[in-house]
Chemist: 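Here's a structure for you.
Just so you know, ligand 1 is whichever comes first in the structure, and atom 1 is the first atom listed for that ligand.
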Amino acid sequence: MPDPLPRSADVVIIGAGQAGLAVAYHLARRGLTVSEDVLVLDRGPGPGGAWQHRWSSLTLGGTHHLHDLPGMSEAGLSFSSAPTDVPARDVVANYYGTYEQRHGIAVLRPVTVTEVTRDGTGYRVMASAGSAVSEVRARVVVSATGTWTRPRIPYVPGRETFAGRQLTTAEFVSADAFAGMRVAVVGGGTSALTFLDEVGDVAAQVLWFTRRPPTFHDEEVELSPERGRVAVAIQDEAARAGRPLPSIVSVTGLPRSALVRRLEASGRLERLPMFAEMTPDGVVTREDVPIPLDAVIWATGFRPEIDHLRPLGVVNDAGGVAVEDGRVRGEDGLFLAGYGPQASTLSSNRAARVTARTISELLASDG
Ligand SMILES: Cc1cc2nc3c(=O)[nH]c(=O)nc-3n(C[C@H](O)[C@H](O)[C@H](O)COP(=O)(O)OP(=O)(O)OC[C@H]3O[C@@H](n4cnc5c(N)ncnc54)[C@H](O)[C@@H]3O)c2cc1C
């Protein structure tokens, strides 16, 4: 097969998850043509963003609520009426695929972007061998690459010596793999609670470790809009200052959801302080008490996937990027969608409209 040809466009969107698709939709509404003026690139094999890779027992409706993409109702779809008894990964892949077709958002797949460099007043987007396009030159780059392949694991002395199984949220496939095992779940967010619940049903023992004592909001069964707003504001402040983004749960705390109440009733919500070290046999507490384990699940969050932007010098030594209203500071044509304050399906939808408007104005001012 011949090598794919380089392409050029006004706008390149890297990533076809919620954030990238929403920007593509709003650019199309402003008169840009996807496939010509706007190229959407994605590494994944099919539609669905990171959702296509999530474990099969994860469903919508209980703990997980997705906001619809803009214009999704025109495709006759809404997550609010989506089935709650089939894997979310299938529902989201199916809905996003239908959405792409309905709105003519042709996504080039697979294209793995390796680096973005400067090219005159615009950018050059390079892709790995085997991608459907080798490089794209564009005036504007929107990086909407999410976090899924950048799980965060805290430093723990001796971690590499542990002889049991270690995996992150992104590697979790099914609780069945932990039948009869002694398992530690590390992390204070919803994924950790889900693993306590599902793994706890089949494991010989499941223990829960977190760095800080979790904060439960007894009066709430789901994240309140007010707490959501505060979380967005804190993320926004960090993004503007170019600081690494704080973890969401450290900001929001945990509502006393049905899942929390179920864990409490089953006695699995007994949180232990983070262990001090790992050994081949398990972990050792701060009081020097060894706890034998067969597996450790790191549900300790994610970092943004921004390595491809490093050649531009916009990622600082702490791993942060200074971003204001979705635009990288000092780079008029570089946008981060789904980053920081935009890292929920609700906030990324709202932000996509603003990003598309800013991009249209920039292209118009270029003439
Ligand atoms: C377990 C879990 C459950 C969640 N539940 C919810 C929930 O219930 N509600 C909610 O609002 N949010 C939830 N979130 C957060 C959720 O993931 C985001 O809100 C949203 O799905 C992220 O969309 P995104 O477009 O930013 O990223 P993603 O969905 O990750 O999409 C990024 C896309 O970029 C592509 N990509 C990445 N790097 C490259 C590259 N170098 N080159 C080319 N393409 C690339 C990927 O293939 C992917 O398709 C959850 C997160 C996790 C981890």
Side-chain angles (χ1 to χ4, degrees), residues 12-24 39-55 57-69 79 82 84 88-89 91-93 95-97 100 107-116 125-128 130-133 136 141-152 168-172 187 189-195 222-223 228 231-232 235 247-249 252 257 299-310 326 336-352:
V12 169
I13 299 175
I14 311 169
Q18 169 94 16
L21 289 177
V23 174
L39 291 185
V40 186
L41 318 177
D42 197 281
R43 183 180 53 196
W51 284 94
Q52 69 191 287
H53 306 296
R54 289 186 182 145
W55 59 97
S57 58
L58 186 72
T59 52
L60 298 176
T63 316
H64 298 278
H65 300 275
L66 293 187
H67 283 272
D68 290 347
L69 285 160
F79 285 122
T84 54
R89 66 182 184 198
V91 177
V92 179
Y95 281 25
Y96 282 12
E100 288 171 14
V107 179
L108 285 168
R109 295 186 175 94
V111 178
T112 300
V113 171
T114 50
E115 56 176 32
V116 179
V125 176
M126 305 295 297
S128 67
S131 291
V133 63
V136 185
V141 170
V142 180
S143 184
T145 43
T147 61
W148 185 244
T149 57
R150 295 288 180 276
R152 204 193 289 252
T168 63
T169 298
E171 294 163 318
F172 184 87
T190 307
S191 298
L193 298 185
T194 307
F195 297 146
E222 58 184 31
L223 180 68
V232 167
Q235 292 280 327
S247 93
I248 306 273
V249 71
T252 58
S257 61
T300 34
F302 293 85
R303 294 179 205 288
E305 177 150 355
I306 46 179
D307 283 350
H308 52 287
L309 302 178
R310 286 187 188 274
L336 280 184
Y339 181 85
Q342 303 184 13
S344 82
T345 50
L346 177 61
S347 54
S348 74
N349 270 355
R350 289 182 180 148

Chemist: Does T169, backbone or side chain, put an N or O under 3.5 Å from an N or O of ligand 1?
Modeler: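 Such a contact does not occur with ligand 1.
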Chemist: Against heavy atoms of V111, which atoms of ligand 1 measure under 4.0 Å?
Modeler: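 So the answer, numbered in order with elements, is 42 (N), 43 (C), 44 (N).
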Chemist: Is there a polar contact between ligand 1 and W55, counting only N or O atoms under 3.5 Å apart?
Modeler: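 Between W55 and ligand 1, no N or O pair is found under 3.5 Å apart.
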Chemist: Return yes when at least one protein heavy atom is under 4.0 Å from atom 46 (C) of ligand 1, and no when none is.
Modeler: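 Protein heavy atom within 4.0 Å of atom 46 (C) of ligand 1: present.
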Chemist: Could you pull out, from D42, T194, T145, L21, the option with a heavy atom nearest to atom 35 (C) of ligand 1?
Modeler: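 Nearest heavy atom to atom 35 (C) of ligand 1 lies in D42.
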Chemist: Roughly how far, to the nearest 0.5 Å, is the CG atom of N349 from the CG atom of L21?
Modeler: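 Between atom CG of L21 and atom CG of N349 there are 10.0 Å.
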Chemist: Where the side chain of S348 meets the backbone of S344, is there a donor-acceptor pair that is under 3.5 Å apart?
Modeler: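 It does hold such a pair.
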Chemist: Is the side chain of T168 donor-acceptor paired with the backbone N or O of P151 at a distance under 3.5 Å, no angle test?
Modeler: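 Answer holds: no.
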Chemist: Would you indicate which of A50, G49, A144, A22 comes nearest to atom 32 (C) of ligand 1 when only heavy atoms are counted?
Modeler: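 The option holding the nearest heavy atom is A144.
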Chemist: Are any of the N/O atoms in Q18 less than 3.5 Å from those in ligand 1?
Modeler: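 Yes, there is a polar N/O contact under 3.5 Å.
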Chemist: Need the ligand 1 atom indices (1-based, order shown) with element for anything under 4.0 Å from a heavy-atom of I14.
Modeler: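 Selected atoms, number and element: 42 (N), 43 (C).
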Chemist: Is it the case that ligand 1 has an N or O less than 3.5 angstrom from some N or O of G15?
Modeler: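 No, no N or O pair falls under 3.5 Å.
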Chemist: By number and element, which atoms of ligand 1 are closer than 4.0 Å to a non-hydrogen atom of T112?
Modeler: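 Contacts of ligand 1 toward T112, numbered from 1: 42 (N).
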Chemist: Can you sort out which atoms of ligand 1 are near S344, meaning under 4.0 Å from one of its heavy atoms?
Modeler: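 Near S344, the atoms of ligand 1 are 19 (O).
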Chemist: Under 30°, 30 to 60°, or over 60°: which ring-plane class applies to W55 and F195, parallel, tilted or perpendicular?
Modeler: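 W55 and F195: tilted rings.
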Chemist: Please identify which atoms of ligand 1 are closer than 4.0 Å to at least one heavy atom of L66.
Modeler: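 Counting from 1, the qualifying ligand atoms are 7 (C), 9 (N), 10 (C).
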Chemist: Assign the ring pair W51 / H64 to parallel, tilted or perpendicular, where the plane angle (0 to 90°) is split at 30° and 60°.
Modeler: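 It falls in the perpendicular class, over 60°.
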